Amino acid sequence: MCGRFILTSAAEVVAELFDVADVPTLTPRQNICPTEAVGAVVFDAEASGRGFRGLRWGLIPSWAKDPNIGARMFNARAETVAEKPSFRSAFKARRCLVVADGFYEWKKLDRGKQPHRIGLSEGGPFAFAGLWEHWQGGDGEPIDSCTIITTEPNELLAPIHERMPVILPPEDYAVWLDPEIREASVLQPLLRSYPAEAMTAQPVDSARFRRKPG
DNA sequence: CCAGACGTTGTT
DNA sequence: GTCTGG
DNA sequence: CCAGACGTTGTT
DNA sequence: GTCTGG
């Protein structure tokens, strides 16, 4: 699962890792929530290459009447994403890389819950496997939104939570973003747990998630 | 045929 | 939009 | 995901 | 407890 994450890298670092040229200045964010704008790398048909863009986190199916349905579509299960009505068309044609420097998972304890910050040992940004979708209401603004795919946790994450987001290594970026690839038999094998030995997890203070100071 | 569902969690 | 259930 | 709210009418 | 907003 992944319901909160971090993006603090500078635009230049993101541009180099993902080989995109048009990354705008990025405000460091330690607590990105569902329904907020996230940074994503997508296939840009006009440029016949990659582009960086903002997407609303929480995928709104194109057929949804109420865009608020997207608020709880912030994750999609790797095991079922190719078949679920809300995700299958995006899985075939609109995959993306959601840019992050870390994410949070909450471990349930006998008393309360303990958030952990998780990231790559080597530091730096990485890519969640994502999907995006276009939505157009009757008279409202169109919205492009996205979801982050989850899978089983690795050995590091298993004690903390039952799911973890799929992190794609750079060698998988090209296949994941290629819109001509549509076969689940090619795509689904990419949706695996990132190696535990390359990740770190540390408890953090719950106070950082409060909305109001005090 | 039309009407209604379509998702993720976690918790019971 | 597309599938399922009635 | 968590934090914060948690009402009343009437109308579709 | 459950829903909404971010």
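For clarity, every value in this text was computed on a predicted model and none was experimentally measured. Each chain gets a letter, A, B and so on, in the order the sequences are listed, and its residues count up from 1.
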Novice: In the structure shown, which nucleotide is the Watson-Crick or G-U wobble counterpart of C/dT4, with both distances under 3.5 Å?
Specialist: B/dA3
Novice: Give the rounded distance in Å between these two atoms: CD of A/Glu133 and P of C/dT2.
Specialist: 12 Å
Novice: Test side-chain contact (heavy atoms from CB on, under 4.5 Å) on A/Trp135 and A/Trp63 and set out the steps.
Specialist: CA-CA 7 Å; A/Trp135 179 88; A/Trp63 39 262; over 6 Å; no
Novice: Using the rule for Phe, Tyr, His and the six-membered ring of Trp, do A/Trp63 and B/dC6 stack at under 5.5 Å and under 30°?
Specialist: yes
Novice: Between B/dT8 and D/dC1, how far is it from one C1' atom to the other, in whole Å?
Specialist: 10 Å
Novice: E/dG1 and D/dT9: how far apart are their P atoms, nearest whole angstrom?
Specialist: 27 Å
Novice: Looking only at side chains, do A/Ser9 and A/Asp101 share a donor and an acceptor under 3.5 Å apart?
Specialist: yes
Novice: Should we say atom CD of A/Glu141 is surrounded by more than 12 heavy atoms from elsewhere, each under 6.0 Å from it?
Specialist: no
Novice: Paired with B/dT8: which nucleotide, if any, by Watson-Crick or G-U wobble criteria at under 3.5 Å for both distances?
Specialist: none
Novice: Rounded to the Å, how far apart are A/Asn68 CG and B/dG7 C1'?
Specialist: 14 Å
Novice: Report yes if at least one side-chain N or O of A/Thr35 is closer than 4.0 Å to OP1 or OP2 of D/dC1; otherwise report no.
Specialist: no
Novice: List every contact pair, protein side and nucleotides 4-6 of chain C side both N or O, where the distance is under 3.5 Å.
Specialist:
none

Novice: Identify the residue among A/His134, A/Gln136, A/Arg56, A/Arg94 that makes a side chain to side chain donor-acceptor pair (under 3.5 Å) with A/Asp144.
Specialist: A/His134
Novice: Is it the case that the side chains of A/Arg117 and A/Gln30 hold a donor-acceptor pair, with the cut-off being a distance below 3.5 Å and no angle test?
Specialist: yes
Novice: Is the phosphate of B/dT9 approached by A/Arg77 (side-chain N or O, under 4.0 Å from OP1 or OP2)?
Specialist: yes
Novice: Tell me whether A/Asn154 contacts the main-chain N or O of A/Tyr194 through its side chain, where contact means a donor paired with an acceptor under 3.5 Å.
Specialist: yes
Novice: For C/dG1 and A/Ser86 - does any side-chain N or O of the residue sit under 4.0 Å from the phosphate oxygens OP1/OP2?
Specialist: no
